[in-house]
Amino acid sequence: MKRLLVLLCALLAPALAMAANLDRVVAVVNKDVIVQSELEREVQRIVADLRRRGTTTPPPTEFERQVLEHLVARQLQMQLADVAGINISDDELNLALENIAARNQLTLSQMRDAVIADGGSFEAFRDEVRSEMRLTQLRQQEVIARINVSDAEVERFLAEGGAAASARYHLAHILIALPPDPTPAQLRDTEAQARRVHDELAAGADFASTAVAVSKGQQALEGGDLGWRNADELPPPFVAAVQNLSPGGISDIIPSSNGFHILKLLEADASGGRHVVEQTHVEHILVKAESGREDEALARVESLRQRILAGEDFQALARSHSDDPGSAVKGGDLGWVQAQDVVPAFASAMQGLPEGELSEPVRSSFGFHLIRVLGRRSQDDTEAYRRAHARDTLRARKAEEMTQAWLQRLRDEAYVELRP
């Protein structure tokens with residue numbers, strides 16, 4: 001028996017050593033730790049995403065360090081969310097999942113099947129969405145809610161022609177970040193690093209791979225891809241740096257208060273025009289569906305539908321039977337709405353419904369709806385859009401700078417130990 005145990009231990013030793021190595025601590029973040037298996041899972045996830053984008057990954061050591069910093073920043077934010085008592089209820093999560101599915105033109109069941117077919121766990125997917133929602137609420141509370149854009153700032157922005165800028169740019173971005181309150185030596189060293197990165201890019205280094213390796217921008221692990229941005233959504237120095245570039249061109253180094261930026265112009269669109277929206281005049285009756293009583297709610301809404309088809313007045317039935325108090329007092333009238341004003345299931349049914357025709361029961365996160373379209377129109381809201389867009393643009397500029405500073409402050413004030 002003793003010899004058998006010795007033999008088993010000898011056979012199992014490599015596997016046990018591998019498992020121990022896999023779960024070794026790679027970072028201490030205040031009271032929590034990040035282990036090797038977490039890092040490996042995140043590396044694999046990001047590598048798969050980069051490959052789908054056609055981006056090559058940088059050398060493993062640089063890449064893993066960048067991913068580990070990403071996990072540290074996420075862990076710090078989750079700790080702060082715990083302290084702030086930020087939680088997401090199952091109802092909130094389910095609504096978010098339904099919206100994600102609808103944006104991808106899937107039902108919730110189809111999205112679950114797609115996640116599983118891709119080798120994932122739907123429960124893990126739910127947990128990831130819940131975590132992202134918590135972090136979004138945290139940033140809203142800690143950063144976004146503190147941003148103020150005055151009417152004077154909007155007026156100045158409009159007077160400078162910001163909201164009239166029609167050019168759009170698809171950009172990639174690298175940030176070589178400065179520490180808070182940098183010393184002259186730190187400023188020189190950071191600028192020298194930015195110069196080296198710029199020289200490597202000019203010599204042909206892959207921009208996306210370099211961004212993954214060295215950038216401290218919020219989109220670094222997506223290859224620095226900022227997506228499409230209107231010119232008025234960008235800081236003026238960014239616009240000045242790219243407006244004369246051809247697609248594929250690399251900007252000079254752009255200094256700022258938080259570091260040195262390098263941009264690559266991926267695509268450009270100089271077209272512009274007025275802002276016209278499609279609006280629908282719609283009325284509805286809502287029957288809420290309580291958990292476990294969906295069949296009862298469906299039977300009730302079906303009965304109302306048959307009464308309307310038999311000639312009873314829609315507005316009278318809405319006043320007496322709709323569970324939407326805001327529209328019930330108006331006979332179910334929601335007024336002129338845009339698709340983004342309503343939940344995806346409602347928008348999809350509304351957009352496909354001929355004028356004057358009564359819908360079948362439409363299921364949404366609120367319950368069952370009967371919908372009738374009263375009219376459609378194209379509305380030129382250019383002036384209102386420009387003012388709203390100006391305010392949103394100014395908020396977005398401030399949010400990007402403040403979020404970067406907030407994340408850096410979290411990192412600086414925390415106890416973080418990275419273990420090689």
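No hydrogens, no waters, no symmetry mates; every other heavy atom, side chains included, goes into these values.
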Check your understanding: Is it the case that Asp412 and Gln408 place a side-chain donor and acceptor less than 3.5 Å from each other?
Key -> yes
**Study point:** Residue pair Leu221, Gln66: steps toward the side-chain contact (heavy atoms from CB on, under 4.5 Å) verdict
**Key:** CA-CA 8 Å; Leu221 293 178; Gln66 186 84 329; 3.7 Å; yes
Check your understanding: Is atom CD of Gln340 surrounded by more than 12 heavy atoms (other residues, nucleotides or ligands) closer than 6.0 Å?
Key -> yes
Check your understanding: Does the pair Asn258 and Ser256 meet the rule for a side-chain hydrogen bond (donor to acceptor under 3.5 Å, both in side chains), with working shown?
Key -> CA-CA 6 Å; Asn258 63 342; Ser256 75; 2.5 Å; yes
Donor-acceptor contacts under 3.5 Å from residues 120-127 side chains, at least two apart:
| from | atom 1 | to | atom 2 | distance (Å) |
| --- | --- | --- | --- | --- |
| Ser121 | OG | Glu123 | N | 3.3 |
| Ser121 | OG | Ala124 | N | 3.2 |
| Arg126 | NH1 | Asn94 | OD1 | 3.0 |

Check your understanding: Any side-chain heavy-atom pair from Glu42 and His70 closer than 4.5 angstrom?
Key -> yes
**Study point:** Check against side-chain contact (heavy atoms from CB on, under 4.5 Å), Arg139 and Leu135
**Key:** CA-CA 6 Å; Arg139 293 180 196 121; Leu135 294 183; 4.0 Å; yes
Review point. Is there a donor-acceptor contact under 3.5 Å from the side chain of Asp323 to the main chain of Lys288?
Key: yes
Point to revise | Donor on one side chain, acceptor on other, His170 and Asp225, under 3.5 Å | key: yes
Study note, to complete from the structure: So CH2 of Trp336 and NE2 of His281: to nearest 0.5 Å the spacing works out to 6.5 Å
Practice item. Give the C-alpha distance, both sets of side-chain angles, the deciding distance and a yes or no for side-chain hydrogen bond (donor to acceptor under 3.5 Å, both in side chains) between Ser89 and Glu92. Key: CA-CA 5 Å; Ser89 70; Glu92 291 173 308; 3.2 Å; yes
Check your understanding: Under 3.5 Å, is there a donor-acceptor pair between the side chain of Arg391 and the main chain of Val149?
Key -> yes
Check your understanding: With distance as the sole test, does Asn104 use its side chain to make a donor-acceptor pair with the main-chain N or O of Ile100 at under 3.5 Å?
Key -> yes
Practice item. Give a yes-or-no answer on whether the side chains of Ser364 and His369 include a donor-acceptor pair shorter than 3.5 Å. Key: yes
Practice item. Verify the distance criterion only: is there a donor paired with an acceptor across the side chains of Ser37 and Glu40 at less than 3.5 Å? Key: no
Check your understanding: Should we count CZ of Arg65 as having more than 12 external heavy atoms under 6.0 Å?
Key -> no
Check your understanding: Does any non-hydrogen side-chain atom of Leu334 lie less than 4.5 Å from one of Thr280?
Key -> no
Review point. Is the closest basic N to carboxylate O distance between Arg293 and Glu296 below 4.0 Å?
Key: yes
Practice item. Give a yes or no on this: more than 12 heavy atoms of other residues, nucleotides or ligands lie within 6.0 Å of atom NZ of Lys330. Key: no
**Study point:** Under the side chain to side chain contact (heavy atoms under 4.5 Å, CB included) test, residues paired with Arg409 that sit two or more places apart
**Key:** Trp406, Glu413
Exercise for review: Examine distances only and state if a side-chain atom of Lys264 and a backbone atom of Leu171 form a donor-acceptor pair shorter than 3.5 Å.
Suggested key: no
Practice item. For the pair Arg130 (side chain) and Ile88 (backbone), establish whether a donor and an acceptor sit closer than 3.5 Å, ignoring hydrogens and angles. Key: yes
Check your understanding: Does Ser322 reach the main-chain N or O of Leu286 with its side chain, forming a donor-acceptor pair under 3.5 Å?
Key -> yes
Practice item. Decide yes or no for Gln218 and Gln404: does some side-chain heavy atom of the first lie under 4.5 Å from some side-chain heavy atom of the second? Key: yes
Practice item. Walk me through it: do Glu355 and Leu374 pass the test side-chain contact (heavy atoms from CB on, under 4.5 Å)? Key: CA-CA 6 Å; Glu355 287 187 34; Leu374 304 178; over 6 Å; no
Point to revise | Ser246 side-chain N/O to Gly249 backbone N/O, donor-acceptor pair under 3.5 Å | key: no
Exercise for review: State yes or no: are the ring centers of His198 and Phe260 separated by less than 6.0 Å?
Suggested key: no
Check your understanding: Counting N and O atoms only, with roles assigned by atom type, does the side chain of Glu222 sit under 3.5 Å from a partner on the main chain of Ala208, one being a donor and the other an acceptor?
Key -> no
**Study point:** Over 12 non-hydrogen atoms of neighbours within 6.0 angstrom of CZ in Arg376
**Key:** yes
Point to revise | Short N-O contact, Glu401 and Arg397, less than 4.0 angstrom | key: no
Practice item. Locate the shortest heavy-atom distance separating Ala84 from Gln141; write the atom from each residue and the value. Key: CB-NE2, 3.7 Å
Check your understanding: Does any N or O in the side chain of Gln77 come within less than 3.5 Å of the main-chain N or O of Ala73, such that one atom is a donor and the other an acceptor?
Key -> yes
Review point. What is the minimum heavy-atom distance between His284 and Phe346, and which atoms define it?
Key: ND1-CE1, 3.7 Å
Review point. What are the two closest non-hydrogen atoms of Pro255 and Ile253, and how far apart are they?
Key: CD-O, 3.6 Å
Revision key, fill the gap. Residues Ala231 and Val239: closest non-hydrogen pair is O-CG2, 3.3 Å
Check your understanding: Would a distance-only check, ignoring hydrogens and angles, find a side-chain to backbone donor-acceptor pair under 3.5 Å from Asn30 to Tyr415?
Key -> yes
Revision key, fill the gap. Smallest heavy-atom separation, Val214 atom then Ile176 atom, equals CG2-CD1, 4.1 Å
Check your understanding: Can you tell if the side chain of Arg305 reaches within under 4.5 Å of the side chain of Pro361, non-hydrogen atoms only?
Key -> yes
Review point. Would you say the side chains of Asp32 and Gln79 form a donor-acceptor pair under 3.5 Å?
Key: yes
